[in-house]
Amino acid sequence: MRSIHGRWGGVSTEVVVGQWVTRSKTNWKSTCVSCRWRCPPPDSGYQYSGRTRSIVRCKGEHEEPGMPRHEEGEAGPSPGAVGQEIMRLLTEQQSTDQDALIQYLPDALIDAYISRYGDTNTTTDSTDEDEEDINVFQTCLANAPSGEFQINSYSWRGLLFAPPMRCDLISTLQISEGRFMQRYFLVSQHGEEMIICLDFRLEETLKSQYRGIQVETNWFLHGMSGEPVHTYESILDNTIGPECVVEAQLNALKEENIEEVFMFASPRNKKIFDNDITQFEAMLRTSAYHSLLRHRESKILKSVQVSARKSILVVGIVAADGTKNAHVWVCTLQKPNNVWMVDAVNYLN
């Protein structure tokens, strides 16, 4: 088993290879995409990025003579252990310090990152004070090739943009010999309750060793998706997310319950209509929005988590007369109660 633990820049870093453990005072700053080790600094003779938290490719030979190595074909940690370590890191670390998780991503995501951004992100004139950290882990997820990684707005909101307040393992399932899933009950930093599912696949990967490389099998993260704990309700509560709020408002529009529709509008939205529900209703009956009232069907086509406090949802509508159109909901997290409300609804031509 090989794992890396530690923090960036000149601190004691624990390296585990099999049963061998050592702590060394180094300045390891980056994650090698070839062997998934944190690579030594430039004076060690390795290719290195001058910027912290970046992806590089080393020249191999990380291990020194006499260090214990895997036997050929030996598997890495179990999927259950990998999943719990990922959730531990996401729960305990800040969202800007997630690069230790890169080692659990499949090669396709890392190769896509390198293809788009290059091996290094060097800035020669920057200092520690003015250099902005790059979250490579989140960048890899955001630019994952189609079909290679499944992630939705729940995961961004509940895990990635901010560490959750609570995270409990509720079930595990071995789908096949090479696929494993874990489900967690999670309470986000703002109180939203959700279920997060991690999807792991067993894959072969190349591992660097002294004077050569070998092939080993390891479990890699291929999906991180979420779903609500609660179905939509006609209430405003911090335990429900923007998807549930939009579903509730859509249900009110379908029933032409104007008061309830108005209830889900944010203070900023209501201010546009001088907090007057009559003006709000007049807007709903204009040509751009009248198809929402008494509509036949509605479906959230896409949900994008822009930031920890802003979400954009595209909704398909089948109007009462059978015509089809789409609208874009903009939801924001309102202070001080951390309740999601609707800031705007725009007709999509």
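Side chains included, hydrogens not; waters and symmetry mates left out as well; all remaining heavy atoms used. A quick note: this is a predicted structure, and the numbers were derived from the prediction, not measured. Positions are given from 1 along the sequence.
Val330 and Val245 end up in different hydrophobic clusters when Ile, Leu, Val, Met, Phe, Trp and Tyr side chains are linked at under 4.5 Å. Hydrophobic clustering (ILVMFWY, side-chain heavy atoms < 4.5 Å, transitive): Ile196 and Val229 are in distinct clusters. In the hydrophobic clustering of ILVMFWY residues, with side-chain heavy atoms under 4.5 Å counting as a link, Phe149 and Ile175 come out apart. Met263 and Ile272 fall within the same hydrophobic cluster, where Ile, Leu, Val, Met, Phe, Trp and Tyr residues are linked whenever their side-chain heavy atoms come under 4.5 Å apart, directly or through other members. Both Met341 and Ile277 sit in one connected hydrophobic cluster of ILVMFWY residues. Membership requires side-chain heavy atoms under 4.5 Å apart, directly or through other members.
Looking at Ser298 and Ile317, their side chains come closer than 4.5 Å, going by heavy atoms from C-beta outward. Ser303 places none of its side-chain heavy atoms less than 4.5 Å from the side chain of Pro242. Using a 4.5 Å cut-off on side-chain heavy atoms (C-beta onward), Ile258 and Leu293 make contact. Two residues are said to be in side-chain contact when any heavy atoms from C-beta on lie closer than 4.5 Å; Glu203 and Pro106 meet this criterion. The closest side-chain heavy-atom distance from Tyr113 to Leu105 is not below 4.5 Å. Annotation: side chain of Arg309 is in contact with side chain of Asn338 (closest heavy-atom distance under 4.5 Å). You'll find the side chain of Val261 reaches within 4.5 Å of the side chain of Phe280, heavy atoms only. Counting heavy atoms from C-beta outward, Ile102 and Ile110 have side chains that approach closer than 4.5 Å.
For Gln98 (side chain) and Gln138 (main-chain N/O), no donor-acceptor pair under 3.5 Å exists by modelled atom type. Side-chain N or O atoms of Gln182 include none that pairs as donor or acceptor with a backbone N or O of Thr172 at under 3.5 Å. Thr139 contributes a side-chain N or O that, together with a main-chain N or O of Asn135, makes up a donor-acceptor pair within less than 3.5 Å. At least one donor-acceptor pair closer than 3.5 Å links the side chain of Asn152 to the backbone N or O of Gly226. For the pair Ser155 (side chain) and Met224 (backbone), a donor-acceptor distance under 3.5 Å is present. Between the Glu148 side chain and the Leu109 main chain, no donor and acceptor come within less than 3.5 Å of each other.
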- From CA spacing to verdict: side-chain contact (heavy atoms from CB on, under 4.5 Å), Glu243, Ser153: CA-CA 9 Å; Glu243 294 86 0; Ser153 56; 2.6 Å; yes
- Item | Criterion side-chain contact (heavy atoms from CB on, under 4.5 Å) on Leu141 and Trp156, from CA distance to verdict | CA-CA 10 Å; Leu141 298 186; Trp156 285 104; 4.1 Å; yes
- Item | side-chain contact (heavy atoms from CB on, under 4.5 Å) between Glu247 and Ile300, worked out | CA-CA 8 Å; Glu247 291 277 9; Ile300 296 177; 3.8 Å; yes
- Message: Val315 vs Leu348, test: side-chain contact (heavy atoms from CB on, under 4.5 Å). Steps then yes/no.
- Response: CA-CA 9 Å; Val315 180; Leu348 187 62; over 6 Å; no
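Glu297 CD: 12 or fewer foreign heavy atoms inside a 6.0 Å radius. Counting non-hydrogen atoms of neighbouring residues, nucleotides and ligands closer than 6.0 angstrom, the CZ atom of Arg294 exceeds 12 such neighbours.
Using modelled atom types, one finds a donor on one side chain and an acceptor on the other under 3.5 Å when comparing Asp343 with Ser266. Side-chain atoms of Thr332 and Gln334 include a donor-acceptor pair closer than 3.5 Å.
Between the CE atom of Met283 and the CZ atom of Phe273 there is a distance of 3.5 Å, given to the nearest 0.5 Å. The line from CD1 of Ile86 to CG of Leu159 is 10.5 Å long, rounded to the nearest 0.5 Å. Remark: His290 NE2 to Leu284 CG distance equals 12.0 Å, nearest 0.5 Å. Leu101 contributes atom CG, which lies 10.5 Å from atom CE of Met87 (distance to the nearest 0.5 angstrom). Summarising the geometry, atom OH belonging to Tyr154 is positioned 12.5 Å from atom CG belonging to Leu186; distances are rounded to the nearest 0.5 Å. Rounded to the nearest 0.5 angstrom, Cys244 SG and His230 NE2 are separated by 8.5 Å.
Heavy-atom minimum distance, Leu333 versus Ala308: CD2-O, 4.3 Å. Here the closest heavy-atom approach between residue Val306 and residue Phe161 is recorded as O-CZ, 4.0 Å. What you find for Leu169 and Arg183 is that their closest heavy atoms are CD1-O, 3.5 Å. The two residues Asp99 and Val136 make their nearest non-hydrogen contact at OD1-N, 3.3 Å. Taking every heavy atom of both residues into account, Cys197 and Met181 meet most closely at SG-CE, 3.2 Å. What you find for Leu221 and Gly223 is that their closest heavy atoms are CD1-O, 3.3 Å.
Geometrically, Lys270 engages Phe262 in a cation-pi contact, judged by NZ or CZ lying under 6.0 Å from the ring centre and within 45° of the ring axis.
For residues 179-201, the set of pairs meeting the ring pair (Phe, Tyr, Trp, His ring centres under 6.0 Å) definition, not counting sequence neighbours, is empty.
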Only distances under 3.5 Å count here; give the side-chain donor-acceptor pairs of residues 318-326 to other protein atoms, sequence neighbours excluded, each with its distance to 0.1 Å.
unit_1: Asp321; atom_1: OD1; unit_2: Thr323; atom_2: N; d: 3.1
unit_1: Asp321; atom_1: OD1; unit_2: Thr323; atom_2: OG1; d: 2.8
unit_1: Asn325; atom_1: OD1; unit_2: His327; atom_2: ND1; d: 3.3
unit_1: Asn325; atom_1: ND2; unit_2: Ser291; atom_2: OG; d: 3.2

